[in-house]
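Below is one structure, written out as structure tokens; the observations come after it.
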Amino acid sequence: MRPPSLRGRRPIPVFLCISFFFAFSFPTNATIRYEVSLAHPEQHLFHVTMTIPDVTGEVTVQMAAWDALYQIRDFSSRVQQVEAFVGPQKAFAEKIDKQTWRIKGTGTIKISYAIYWDEAGPFASQLNSEHAFINPAMILFYVPERRGEAVHLAMPDVPERWQATGASIQFMESMGRARNFSGDATSYDALVDAPIEAGKFEEFQLRGIKPEIWVVVHGGSWRKKQVEEDLKRICEYELRLMEGAPFERYTFILHLGRGAAGSGGGMEHSNSTAISAPSDEYLPAVAAHEFFHLWNVKRIRPATLEPVDRTREMYTRALWFAEGVTNTYGSYTLVRSGIWNKEQFYGDLGEQITELEGRPANRWQSAEQSSLDAWFEKYSLYNQPEYSVSYYTKGQVLGDLLDILIRERTNNEKSLDDVLRSMNTEFAKQGKTYRDSLDVERTAEKIVGGSFEEFFQKYVAGSEPFPYREILGLAGLQLHTAERTLPALGFFADHEHGAPWVVRTVEPAGFAAQAGLRAGDVILNWNGGEVPRRLERWLHEQKPGDVLRLRVRREDKEVSVEFQLGEAKESIYEVSEASGASEKARNIREGLLHGVTSTVSVH
């Protein structure tokens with residue numbers, strides 16, 4: 001998970017967002033049916049019945065190993081009580097590997113099972129007394145060779161006063177049976193690319209936008225007028241930028257305030273997004289990123305992510321563009337729509353450069369290698385500054401630098417906007433995928449009428465230092481360095497997926513060591529709750545002197561440890577406007593801020 005970083009007073013958008021686009025061509029004459037019971041939500045068990053028609057001899061079903069994060073999470077480990085039936089007779093069901101079952105029989109086969117989930121979205125699924133949030137790939141079996149067939153999903157036993165909504169599947173409440181919601185999707189793949197929210201929520205439409213955009217909010221302490229205004233500005237700008245909507249109806253599923261988990265994050269889908277944010281203040285940064293994924297990732301799609309294989313890792317060198325440049329457009333959208341002022345835009349760019357240059361791994365890990373290594377992100381050691389850089393951060397900065405160069409070489413008549421629109425026309429609208437960095441480079445070269453080979457070789461495929469000052473100067477911007485004080489834990493802890501956090505090392509002279517924390521301590525409680533998923537990002541939200549209270553297990557007893565956070569020094573980078581910039585440089589700067597060129601304006 002990559003929640004927003006909340007350094008300083010402004011949310012800095014960092015997201016982990018994975019999506020699916022399918023180009024399968026399967027017969028659609030049969031309908032696979034799912035029934036998902038939400039009875040007894042306090043037990044956190046989804047009870048699923050899957051009905052598969054037209055089986056001859058045997059059928060194989062699988063549970064996805066990954067979804068919503070570039071992490072193998074083995075959702076089948078949550079499955080229990082798998083049974084299969086042919087008519088009234090119980091059928092032989094054999095588990096053949098960690099995520100695959102084979103059932104013997106002919107005709108219509110029914111499979112029933114329960115699966116446990118109680119982790120808040122958008123990167124997990126949850127069933128509790130307050131609501132249900134479902135990423136369908138995390139709870140539904142599928143038949144590998146029949147993923148393209150039409151599917152029907154029903155949810156009986158929906159608790160009283162709950163409603164249900166989805167994106168690709170539009171639920172209709174049954175007239176004959178209260179609290180039974182059902183709907184259809186064109187395929188399993190369409191179904192699982194549309195999260196489902198059930199519970200008590202508020203729903204409203206963004207006025208004045210066509211096609212329809214709906215907002216579903218679960219949670220409390222949010223301002224409807226502010227949410228509506230921010231989302232309307234974001235959607236209107238990006239729809240103008242990309243010259244129209246690629247959807248018939250779009251849905252924001254928002255978990256805000258008390259309905260959110262941790263510091264939040266966002267997950268994009270073909271016709272929807274699911275977003276968690278601690279308050280509506282942090283929503284725009286996430287929403288601007290997620291909505292732009294309608295084009296970049298969902299439809300402008302790298303070939304290395306197709307066709308989707310849910311059983312294993314899928315490697316791509318293109319995440320710096322798919323995710324990082326989407327970050328670029330998240331920041332562009334905020335400033336161009338008026339949600340940010342230009343100082344906030346410059347501040348965000350400075351924060352990204354600070355993050356990048358503060359990681360020693362930036363000297364050797366390229367943007368492409370960071371993309372390939374995304375599957376290591378579930379390991380806390382990999383996320384340390386010495387071991388990795390973020391393709392979100394590196395890609396966002398690359399997007400800004402590439403945009404300036406395009407504008408400079410074309411006398412501000414073309415921009416990165418033209419690259420995205422061209423790729424949308426030549427790849428997305430034609431149903432084609434692009435060849436990772438190669439087609440990004442070639443599209444930029446076509447727009448400019450010159451080579452970008454050196455830029456891509458040095459800074460995308462290679463790890464040479466970015467020429468910040470030189471390129472920013474072309475846009476009438478300058479880069480300053482300063483020093484700031486940051487909080488320090490005084491120890492290092494990590495964990496394997498699903499296992500508790502363990503203290504590995506403790507700084508001998510730090511406050512943690514003085515309070516008695518030891519290497520090998522197992523962390524049970526962190527300030528009264530769970531250990532933050534990303535300690536580094538949690539730490540950036542604190543300040544030196546803040547108190548950290550830990551409950552740890554040491555050998556056969558539990559111990560409480562309390563201490564103040566220490567401090568460390570960090571070089572920071574600040575972007576500002578250069579006095580005496582040339583007219584051309586000022587025009588390029590205005591182009592970045594307002595989305596304009598000499599001939600085109602989408603402001």
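All residue numbers refer to positions in the sequence shown, counting from 1. This is a predicted model, so every value here is computed, not measured.
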Salt-bridge criterion met for [X] and [Y] (N-O under 4.0 Å):
X: R310; Y: D189; result: yes
X: D521; Y: R553; result: no
X: D67; Y: R73; result: no

Tell me whether [X] contacts the main-chain N or O of [Y] through its side chain, where contact means a donor paired with an acceptor under 3.5 Å.
X: H269; Y: S272; answer: no
X: H495; Y: A499; answer: yes
X: D280; Y: R223; answer: yes
X: N527; Y: R549; answer: yes
X: W66; Y: D309; answer: yes
X: R146; Y: I52; answer: no
X: S370; Y: V389; answer: yes
X: E290; Y: E268; answer: yes
X: S125; Y: N135; answer: yes
X: T100; Y: I96; answer: no

Would you check if the distance from the ring center of [X] to the ring center of [Y] is below 6.0 Å?
X: Y387; Y: Y382; answer: no
X: W320; Y: Y391; answer: no
X: Y34; Y: H152; answer: no
X: H47; Y: H40; answer: no
X: W526; Y: W501; answer: no

Could you give the distance from [atom1] ([X]) to [atom2] ([Y]), rounded to the nearest 0.5 Å?
X: T60; Y: Q62; atom1: OG1; atom2: CD; value: 7.5 Å
X: E228; Y: L206; atom1: CD; atom2: CG; value: 6.0 Å
X: T273; Y: L294; atom1: OG1; atom2: CG; value: 9.0 Å
X: R504; Y: D494; atom1: CZ; atom2: CG; value: 4.5 Å

Could you check if a side-chain atom of [X] sits within less than 4.5 angstrom of a side-chain atom of [Y], using non-hydrogen atoms only?
X: T186; Y: L191; result: no
X: N383; Y: E377; result: yes
X: I103; Y: V61; result: yes
X: L140; Y: V36; result: yes
X: V503; Y: I523; result: yes
X: W538; Y: V531; result: no

What orientation do W295 and F291 show, parallel under 30°, tilted 30 to 60°, or perpendicular over 60°?
-> perpendicular
Angle class for the F252/Y250 ring planes (parallel below 30°, perpendicular above 60°, tilted otherwise)?
->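 Because their plane-to-plane angle is over 60°, the rings of F252 and Y250 count as perpendicular.
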Take a 6.0 Å sphere around [atom1] of [X] and say whether it holds more than 12 heavy atoms from other residues, nucleotides or ligands.
X: Q80; atom1: CD; answer: yes
X: K95; atom1: NZ; answer: yes
X: F376; atom1: CZ; answer: no
X: Q205; atom1: CD; answer: yes

Ring pair (Phe, Tyr, Trp, His ring centres under 6.0 Å): which pairs involve residues 95-116, sequence neighbours left out?
-> H44-Y116, W101-F141, Y113-F141
When you measure from the centre of the six-membered ring of W117, is the NZ or CZ of R78 under 6.0 Å away and within 45° of the axis?
->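 Yes, R78 lies over the aromatic ring of W117.
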Does any pair with a residue in residues 57-66 pass salt bridge (charged side-chain N to carboxylate O under 4.0 Å, His left out), and if so which ones, sequence neighbours excluded?
-> E58-K104
